[in-house]
Amino acid sequence: TDTFNYATYHTLEEIYGFMDMLVAEHPQLVSKFQIGSTYEGRPIYVLKFSTGGNNRPAIWIDTGIHSREWVTQASGIWFAKKITQDYGQDTSLTTILDNMDIFLEIVTNPDGFAFTHSKNRLWRKTRSITAGSACIGVDPNRNWDAGFGKAGASNNPCSETYHGKFANSETEVKSIVDFVKSHGNIKAFISIHSYSQLLLYPYGYTTEQTPDHNELDQLAKDAVTALSSLYGTKFKYGSIIKAIYRASGGTIDWTYNQGIKYSYTFELRDTGRYGFLLPASQIIPTAQETWLALKTIMEYTLNHPY
Amino acid sequence: KEDFVGHQVLRISAADEAQVQKVTELEDLEHLKLDFWRGPAQPGSPIDVRVPFSSTQAVKVFLETHGIEYTIMIDDVQSLLDEEQEQIFAFQARAGT
């Protein structure tokens, strides 16, 4: 993985190949396991970074649930490599990994991602078929069982924000749900999207503030401060419904309601030039600055057990 | 592969709640085949929408009629995609040798 090119976009096969290489190089630290299969039958893989222990408290990071947000999968690859490089070198990450596990799902929507490479670069949803409709796919960030079907999602299968027939109808979502429930000890859940430079916390489906609002807000502030320190990239932060718009059935609303207090979602670069088509030259800077924010959240999670 | 020649991404600035509502109405017009990259939110928050070539005129007329400001964020989506593909091919060619 030292010669892997982190500054270009890769296909699903290349990413899965990268994951295998990383596991082979660091068998004591990294393992790969399958949490499910996609609608079209592709395996859904998660990397586990662990230094031992049994069912340690854990941090979950996922990238690429919206398949066209290519900088997120590319950043996920970079994060994976960074973890293996920094463990044993960086005191903070080493302490985190000596006490917690990190789960990283680099391609959360493999069918959609493959489709962006083969047929439609701007595909966002899953690839599941909806009976009675000519339109394909469900927005996997509207398919979670948190305010499912309420305002902030579409019931039109042709819409980019179609919520699906029922909560967890998408295997890509259900696989994570099952994993999170069976693990039972995930303490931070970070879902990474692009673009618009935001760090968000629950809720999206209601204007009601979470009981942890002040703490989540302060941690978000600290995280974006760390992020901005590298290249001066400006991020806003706040609850989903306040900072962007009402969105129901979203990932981190569900994880928060499951008891995962530190539930965040990122919207990575940019502010209005390239959108989802961020040039590959920006992959590494994007990943580097995001990593600083991730570390802030991970360190806080370690130091503030609940 | 899907062709995005002539597709533009417009950045819309809705000045008040009424303008946000107007843009939301656009979202419901399925025949325009709009793809909202950033959906309508509160006033002052940018709205980005990919507009197919065939709908460009209708959307711009709609926005101008209602006094809603916009800029062109991406002039031709396909040209950006072509650049992206060229970069990927160039990398693959180098990797292959």
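Letters go in sequence order (proteins before strands), and every chain restarts at 1.
- With values rounded to the nearest 0.5 angstrom, B:Met73 atom CE is found 6.0 Å from A:Asp270 atom CG.
- Annotation: the span from B:Glu27 atom CD to A:Ser154 atom OG amounts to 8.0 Å, rounded to 0.5 Å.
- For a residue to count as touching a neighbouring chain, one of its non-hydrogen atoms must lie under 4.5 Å from one of that chain's; by this rule A:Trp70 touches chain B with the side chain only.
- Within a 6.0 Å radius of CZ in B:Phe53, other residues, nucleotides and ligands contribute 12 heavy atoms or fewer.
- Heavy atoms closer than 4.5 Å to chain B are found in the side chain of A:Glu14, but not in its backbone.
- Contact of the B:Glu2 side chain with the A:Phe115 side chain is not registered, since no non-hydrogen atoms from C-beta on lie closer than 4.5 Å.
- Taking CH2 from B:Trp37 and CD from A:Glu160, the interatomic distance works out to 11.0 Å, rounded to the nearest 0.5 Å.
- Among A:Ser118, A:Gly272, A:Pro279, the residue with the largest count of heavy-atom pairs under 4.5 Å with chain B is A:Gly272.
- Per-residue counts of heavy-atom pairs under 4.5 Å with chain A were compared for B:Gln87, B:Arg38, B:Glu30; the largest is that of B:Arg38.
- Side-chain contact check for A:Arg121 versus B:Gln85: every heavy-atom pair is 4.5 Å or farther apart.
- The neighbour count for B:Gln42 CD, taken as heavy atoms of other residues, nucleotides or ligands under 6.0 Å away, is above 12.
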(Q) Checking B:Asp35 against A:Arg68 for the side chain to side chain contact (heavy atoms under 4.5 Å, CB included) test, could you report, in this order, the C-alpha distance in whole Å, the side-chain angles of both residues, the deciding distance, and whether it holds? (A) CA-CA 12 Å; B:Asp35 171 17; A:Arg68 64 190 179 183; 2.8 Å; yes
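- Residue-level contacts of residues 243-252 of chain A with chain B, in order of numbering, are A:Ala243, A:Ile244, A:Tyr245; threshold 4.5 Å between heavy atoms.
- In this structure, the side chains of A:Leu122 and B:His7 stay at 4.5 Å or more apart for every pair of heavy atoms.
- Atom NZ of A:Lys236 has 12 or fewer heavy atoms from other residues, nucleotides or ligands within 6.0 Å.
- Atom-to-atom distance recorded for A:Thr11:OG1 and B:Gln92:CD is 7.5 Å, nearest 0.5 angstrom.
- The closest side-chain heavy-atom distance from B:Phe36 to A:Thr161 is not below 4.5 Å.
- In this structure, OG on A:Ser159 lies 11.5 Å from CG on B:Leu34, to the nearest 0.5 angstrom.
- In terms of modelled atom types and a separation under 3.5 Å, the side chain of B:Lys1 and the main chain of A:His117 share a donor-acceptor contact.
- Using a 4.5 Å heavy-atom cutoff, the side chains of B:Leu80 and A:Phe276 are not in contact.
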